[in-house]
Amino acid sequence: MTKYTGIELLKRNLEQVDAKFISFFEKEQPRWPSEQRDYLRNHYKNLDQLSPAAISWDKLKMERLPDDILQEARAAFAAFERGEEYQAPE
């Protein structure tokens with residue numbers, strides 16, 4: 001099993017949140033013409049522009065999301081801060 005670290009760990013954790021709330025994102029408008037649906041990644045700052053040491057919840061600038069998705073994303077971010085992979089509860 002691969003151990004993810006840094007930005008890749010955060011991306012992976014947030015992908016878990018995206019997957020949990022897929023029905024929400026499928027209903028939303030895609031941000032880009034090449035996309036078939038909206039994605040969680042469209043609601044926060046580009047992670048590739050941030051260094052793992054400098055990332056904070058505030059710097060992600062999560063926007064335009066319901067509270068339940070924000071709460072789950074915060075939990076995924078907290079797992080990243082602990083160096084853990086996040087598994088969204090079902």
Side-chain angles (χ1 to χ4, degrees):
M1 185 169 159
T2 305
K3 173 101 171 120
Y4 294 92
T5 59
I7 297 295
E8 287 306 312
L9 176 62
L10 181 55
K11 285 180 183 179
R12 195 162 165 82
N13 286 359
L14 293 173
E15 285 170 0
Q16 295 294 317
V17 178
D18 187 82
K20 179 177 179 175
F21 294 98
I22 187 80
S23 61
F24 170 82
F25 292 109
E26 286 177 337
K27 293 177 198 169
E28 298 297 304
Q29 283 292 109
R31 183 168 285 186
W32 307 106
S34 62
E35 296 178 338
Q36 299 299 314
R37 65 176 180 90
D38 193 17
Y39 292 86
L40 179 62
R41 69 174 180 254
N42 291 334
H43 296 271
Y44 57 81
K45 193 166 177 139
N46 185 342
L47 298 178
D48 295 328
Q49 296 175 357
L50 302 170
S51 74
I55 292 178
S56 70
W57 176 254
D58 290 336
K59 286 183 181 178
L60 285 181
K61 298 186 179 186
M62 289 271 179
E63 58 181 26
R64 300 185 329 267
L65 293 168
D67 288 342
D68 56 343
I69 297 176
L70 284 174
Q71 183 177 12
E72 201 75 37
R74 278 186 183 269
F77 186 80
F80 157 75
E81 290 182 308
R82 295 187 304 271
E84 299 172 2
E85 286 191 42
Y86 181 72
Q87 292 296 320
E90 300 202 13

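Predicted model only: the values in this text are computed from it and were never measured.
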Nearest atoms (heavy-atom pairs only) where Lys3 meets Gly83:
NZ-O, 3.3 Å
Decide if atom NZ of Lys11 counts as having more than 12 heavy atoms of other residues, nucleotides or ligands within a radius under 6.0 Å.
yes
Quick check for you: to the nearest 0.5 Å, what is the distance between Lys27 atom NZ and Ile22 atom CD1?
11.5 Å
Gap separating the CZ atom of Arg31 from the CG atom of Asp38, nearest 0.5 angstrom:
7.0 Å
Should we say atom CD of Gln36 is surrounded by more than 12 heavy atoms from elsewhere, each under 6.0 Å from it?
no
Begin with the C-alpha distance, continue with both residues' side-chain angles, and end with the deciding distance and a verdict on salt bridge (Lys or Arg N to Asp or Glu O under 4.0 Å) for Arg37 and Asp18.
CA-CA 11 Å; Arg37 65 176 180 90; Asp18 187 82; 2.8 Å; yes
Glu35 and Asn42: side-chain donor and acceptor closer than 3.5 Å?
yes
Co-members of Trp57 in a cluster of I, L, V, M, F, W and Y side chains, linked at under 4.5 Å:
Tyr4, Ile7, Leu9, Leu10, Leu14, Val17, Phe21, Phe24, Phe25, Leu40, Tyr44, Leu47, Leu50, Ile55, Leu60, Met62, Leu65, Ile69, Leu70, Phe77, Phe80, Tyr86
Is Asn13 reaching over with its side chain to a backbone N or O of Ala78, donor-acceptor style, under 3.5 angstrom?
no
Can you tell me if CD on Gln71 sees more than 12 non-hydrogen neighbours from other groups inside 6.0 Å?
no
Any chance CG of Asn46 has more than 12 other-residue heavy atoms, nucleotides or ligands included, within less than 6.0 Å?
yes
For the pair Lys59 (side chain) and Ala54 (backbone), establish whether a donor and an acceptor sit closer than 3.5 Å, ignoring hydrogens and angles.
yes
